[in-house]
2 protein chains.
Amino acid sequence: MSKLWGMPDRPDLAAMAIPLTRALMAAETPILREHGLSMWAYGVLLGLDERPVRTQAALAESIGADKTRIIRVLDDLQRRGLIERSPDPADRRVRLLSITPEGRRLRDAAQAGIRRMEERLLSRLPDDDREAFVRVLRILSALPSQEFR
Amino acid sequence: MSKLWGMPDRPDLAAMAIPLTRALMAAETPILREHGLSMWAYGVLLGLDERPVRTQAALAESIGADKTRIIRVLDDLQRRGLIERSPDPADRRVRLLSITPEGRRLRDAAQAGIRRMEERLLSRLPDDDREAFVRVLRILSALPSQEFR
DNA sequence: GCATATCGTCTGCGTGCGCTTACGATTTGG
DNA sequence: CCAAATCGTAAGCGCACGCAGACGATATGC
């Protein structure tokens with residue numbers, strides 16, 4: 001860990017994370033397109049299972065989207081029978097969101113394609129390193145934003 | 001590494017990398033702003049030392065920018081005396097780019113602030129894990145895009 | 001009962017960005 | 001010598017997105 005004349009020992013995290021994220025997204029896009037999904041649509045399908053949400057706004061927040069902007073996405077997913085929206089009897093303002101079996105199948109198929117791409121990518125790494133990387137990425141990505149200061 | 005009923009053992013890499021990258025960028029922005037730098041300006045200053053470049057287009061490519069969009073950034077950095085552009089005697093179309101001592105100082109100061117933020121973030125991790133994470137991130141971020149398929 | 005808040009929805013505004021075109025100047029290669 | 005390519009530059013177009021405001025319907029709290 002030596003520093004040579006002001007040269008940092010490693011690039012900034014963001015300087016590495018940005019191109020990686022760009023490349024991952026670029027790789028995902030055609031895979032998702034094969035399944036007729038945009039990245040936001042896929043994000044919605046992911047968000048509907050991993051974390052049960054009872055308002056659209058909460059879903060939007062959990063997937064990092066703008067609640068107003070995902071309306072169109074939700075409309076389309078609903079039209080295609082991939083999600084359902086039903087009124088919440090406990091609060092008539094709210095529409096409960098759920099994924100249909102068909103939605104689950106499509107999401108899982110897309111995810112399998114993405115997983116294959118990822119495994120090819122990670123296969124160049126030693127097992128320890130890839131496990132540590134995933135572990136740390138998971139921890140850091142789940143941190144609340146006030147931890148980044 | 002067990003899979004329970006179609007539930008993946010981990011989220012997609014992008015699903016983790018995207019929020020992390022967003023958070024890192026959001027954290028960097030005020031640090032850079034304190035030094036009067038936008039993210040692209042900072043990217044230019046970083047790109048001018050780590051990889052000598054002889055055309056503006058090559059610099060833009062190396063930092064993931066659009067060559068037409070960074071003209072304004074370069075203009076501003078030059079106006080502030082942070083970079084220099086000089087004609088290349090070997091090719092009169094080209095303007096050679098270099099960072100000034102002042103530019104280097106500003107970049108290093110900004111980078112020190114970012115490094116402090118990052119160390120605070122990474123300090124919650126075991127040493128092995130953080131080293132492995134940085135090592136892998138470095139490797140993956142440097143891969144050419146055709147490796148993501 | 002009523003002021004305030006929240007839900008989903010629609011729309012507007014401003015900004016940034018990818019990509020393209022066009023241009024003048026210069027270089028390259030046949 | 002000349003066609004094609006490349007450089008930096010300026011600007012246009014379309015799109016995505018963050019954010020905000022407005023609205024009708026509904027819920028909450030005093």
Side-chain angles (χ1 to χ4, degrees), chain A residues 14 18-19 21-30 32-33 37-44 47-48 52-79 83-98 145, chain B residues 14 18-19 21-30 32-33 37-44 47-48 52-79 83-98 145:
Chain A
I18 290 172
T21 300
R22 279 178 164 207
L24 287 171
M25 286 168 71
E28 280 198 10
T29 305
L32 295 177
R33 198 184 298 116
L37 294 171
S38 67
M39 287 205 74
W40 283 125
Y42 180 60
V44 166
L48 278 184
V53 285
R54 58 172 288 280
T55 71
Q56 290 178 192
L59 172 73
E61 182 169 354
S62 76
I63 67 172
D66 180 280
K67 74 169 184 181
T68 64
R69 294 294 176 207
I70 65 163
I71 305 284
R72 192 71 63 84
V73 177
L74 295 176
D75 288 347
D76 185 62
L77 290 173
Q78 181 178 11
R79 183 181 53 75
I83 67 166
E84 276 171 351
R85 301 195 216 174
S86 38
D88 181 355
D91 183 342
R92 302 227 334 263
R93 298 171 300 183
V94 167
R95 303 229 267 171
L96 298 174
L97 296 174
S98 57
S145 50
Chain B
I18 290 172
T21 299
R22 279 179 161 204
L24 287 171
M25 287 167 71
E28 279 198 11
T29 304
L32 295 177
R33 198 183 297 116
L37 294 171
S38 67
M39 288 206 73
W40 283 124
Y42 181 60
V44 166
L48 279 183
V53 286
R54 60 170 289 281
T55 72
Q56 290 178 193
L59 172 73
E61 182 170 353
S62 76
I63 67 171
D66 180 280
K67 73 169 185 183
T68 62
R69 294 287 177 211
I70 64 162
I71 305 285
R72 193 69 65 82
V73 176
L74 295 176
D75 288 346
D76 185 63
L77 290 173
Q78 182 179 11
R79 186 181 51 75
I83 66 166
E84 275 172 351
R85 300 196 216 173
S86 38
D88 181 355
D91 184 342
R92 299 212 355 248
R93 298 172 299 184
V94 167
R95 302 228 269 173
L96 299 174
L97 296 174
S98 57
S145 50

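In what follows, chains are A, B, ... by sequence order, proteins preceding strands, each numbered from 1.
Straight-line distance from the CD1 atom of A:Ile70 to the P atom of D:dG18: 12 Å, rounded to whole Å. Taking atom CZ on B:Arg93 and atom C1' on C:dC23, their separation rounds to 15 Å, with Å as the unit. Rounded to an integer number of Å, the gap from B:Leu74 CG to D:dA10 P is 11 Å. A:Asp75 places its CG atom 10 Å from the C1' atom of C:dG8, with the value rounded to the nearest Å. Atom CG in B:Leu97 sits about 12 Å away from atom C1' in D:dC7, given to the nearest Å. Between A:Glu84 atom CD and C:dG8 atom P the separation is 17 Å, expressed in whole Å. For the pair A:Ile71 CD1 and D:dG18 P, the interatomic distance rounds to 14 Å; values are reported in whole Å.
For C:dG12, the base has a donor-acceptor partner in the side chain of A:Arg69 [N/O atoms by modelled type, under 3.5 angstrom].
Ion pairing between A:Arg79 and A:Asp76 holds under the 4.0 Å rule for side-chain N and carboxylate O.
Side-chain proximity of A:Thr55 to the nucleotides D:dA27, C:dT27, C:dC7 is greatest for C:dC7. Distances were taken from every side-chain heavy atom of A:Arg95 (C-beta onward) to each of D:dG8, C:dG8, C:dT9; the shortest belongs to C:dT9. Closest to the side chain of A:Gln56, from the set C:dT9, D:dG8, C:dT26, is C:dT9. The side chain of A:Thr68 approaches D:dA20 more closely than any other nucleotide in the set C:dG8, D:dG8, D:dA20.
A:Thr21 has its side chain out of reach of B:Arg22: every pair of non-hydrogen atoms, C-beta onward, lies at least 4.5 Å apart. Counting heavy atoms from C-beta on, the side chains of A:Arg85 and A:Asp75 come closer than 4.5 Å. Contact of the B:Thr55 side chain with the B:Arg93 side chain is not registered, since no non-hydrogen atoms from C-beta on lie closer than 4.5 Å.
Nearest-nucleotide positions on DNA chain D place B:Arg85 closer to the 5' end than the other of B:Arg85 and A:Arg92. Toward the 5′ end of DNA chain C lies the nearest nucleotide of A:Asp91, the other residue of the pair B:Asp88 and A:Asp91 mapping further downstream. Take the nearest nucleotide of DNA chain D for A:Ala90 and for A:Lys67: the residue whose nucleotide is more 5' is A:Lys67.
In this model, the phosphate group of C:dC17 is approached by a side-chain N or O of B:Trp40 to a distance below 4.0 Å at OP1 or OP2.
More than 12 heavy-atom neighbours from other residues, nucleotides or ligands sit within 6.0 angstrom of CD on B:Gln78.
As judged by a 4.0 angstrom heavy-atom cut-off over every strand, B:Asp66 is placed among the base-contacting residues. Residue A:Arg72 is classed as having no contact, given no heavy-atom separation below 4.0 Å to the nucleic acid.
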